[in-house]
Amino acid sequence: MADKPVVIVTRKLPEAVEQRMVELFDVRLNAEDRPFTADQLKAAVAEADVLVPTVTDAIDAAVIAAAGPKLVMIANFGNGVDNIDVSAATERRIVVTNTPGVLTEDTADITMALILAVPRRLMEGAKVMMDHGEWPGWSPTWMLGRRLAGKKLGIVGMGRIGQAVARRARVFGLSINYHNRRPVDAATESELAATYWDSLEEMLTFMDIVSVNAPHTPATYHLLSAERLRFMQPGSYLVNTSRGSVVDQKALIRLIEEGRIAGAGLDVFEGEPVLEPGLHKLVREGRVVVLPHMGSATIEGRIQMGEKVIINIRTLFDGHRPPNRVLPGML
Ligand code: 8YV
């Protein structure tokens, strides 16, 4: 293609990424970083060769139906593609790509931070100091949490991020258990000293901490359903850094309120960016720690995600298969 492709980017990206895009593409940036409305998304796909959305843009069938004849690609700035109707895009022969691999370590760090924060009551302790500038003084029985070493961690979804969580958790003395569509290869399983559970329900029965690391697909919507969450043992914790929709949030809130689950650490939740009142209450009570979807929020990670987006676009316009193509069958 002689002309530079028209690339519309829906959100403000790191400066280094935007600069490179300006050099390479006929790019429309969003300097104000105001999320697009559905109508703005439709106008963008009507005009662009490539749309670069993020998790905050719902690229649903209606938006894809509004695509103009030029739109050949949706290059998602993000790993999860549950914001995109990949089937509708593929039917229209629009290539969808994502940015896997470069946010693995950052997301695993945030997962580990939550695995530490909830049982050791980090937020509660920090809040006392933040709010009062002092504390009642050391006491043998004050602010007691639960020890990590010797406990069992159950990882739901043993992909790249799940494995990176397992590596970290081992160092903290947690034993590694996992449920996945298939067991990981024997070498990885033995490196992580990981035990595979074919039955998610059975695994949940035995775990002290459960970490959700499966992507959100139609098959994983409410994978941690009310029925399954009830299998978790009393005193156990749930951590979710994948997508809010993988966990039935109303059921989670109920079970924590009833004291059947001890607490939760969530980097993602249903209804983002607004916490539902029941969850907000548990946060105020210190039983749940919620972060505002910060898994991949490092300068390094976001620049590398942008680089992946650029490579995917360049590869397609150079006439090759983009390295991070997503097809409906992969979900
Ligand atoms: C991203 C994420 O920040 O990549 C993902 O799947 O969940 C986040 O870490 C976000 O998706 C950007 O679109």
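Predicted model, so just to flag it, every value in this text is computed and none were measured. Each ligand, and each atom within it, is numbered from 1 in the order the structure gives.
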>> Quick check against the 3.5 Å criterion: does Arg230 have a side-chain atom that pairs as donor or acceptor with the backbone of Ala251?
In response: no
>> Can a donor-acceptor pair be found, under 3.5 Å and without considering hydrogens, that links the side chain of Thr90 to the backbone of Arg93?
In response: no
>> Students should be able to answer this: which protein heavy-atom is nearest to atom 7 (O) of ligand 1, and at what distance?
In response: Arg243 NH1, 2.6 Å
> Tell me, which protein residue and heavy-atom name are nearest atom 9 (O) of ligand 1, and how many Å apart are they?
Replying inline: Ser296 OG, 2.7 Å
Could you tell me whether [X] and ligand 1 have an N or O pair separated by under 3.5 Å?
X: Met305; result: no
X: Ser242; result: no
X: Gly80; result: yes

[X] heavy atoms, cut-off 4.0 Å: which ligand 1 atoms fall inside?
X: Thr54; result: 13 (O)
X: Phe77; result: 12 (C), 13 (O)
X: Leu103; result: 4 (O)

> How many angstroms lie between OG1 in Thr54 and CE in Met305, if you round to the nearest 0.5 Å?
Replying inline: 8.5 Å
>> On a heavy-atom basis, which atom in Lys42 and which in Ala62 lie closest, and how many Å separate them?
In response: CE-O, 3.9 Å
>> Please give me the minimum heavy-atom distance between Pro53 and Ile84, naming the atom from each residue.
In response: CG-CD1, 4.4 Å
> Parallel, tilted or perpendicular: which fits the ring planes of Tyr196 and His179, with parallel below 30° and perpendicular above 60°?
Replying inline: parallel
>> If the test is side-chain contact (heavy atoms from CB on, under 4.5 Å), which one of Val210, Leu238, Asn177, Asn180 qualifies with Val156?
In response: Val210
> Does some non-hydrogen atom of Met294 fall short of 4.0 Å from ligand 1?
Replying inline: no
> Under the salt bridge (Lys or Arg N to Asp or Glu O under 4.0 Å) criterion, do Glu270 and Arg243 qualify, and how do the steps go?
Replying inline: CA-CA 8 Å; Glu270 289 192 300; Arg243 283 293 181 269; over 6 Å; no
> Which is it for Arg302 and ligand 1 at heavy atoms under 4.0 Å: side chain, backbone, both or neither?
Replying inline: side chain
> Taking heavy atoms and a distance under 4.0 Å, where does Asn98 meet ligand 1: side chain, backbone, both or neither?
Replying inline: neither
> When you measure from atom 4 (O) of ligand 1 to each heavy atom in Asn79, Val52, Val81, which option holds the nearest one?
Replying inline: Asn79
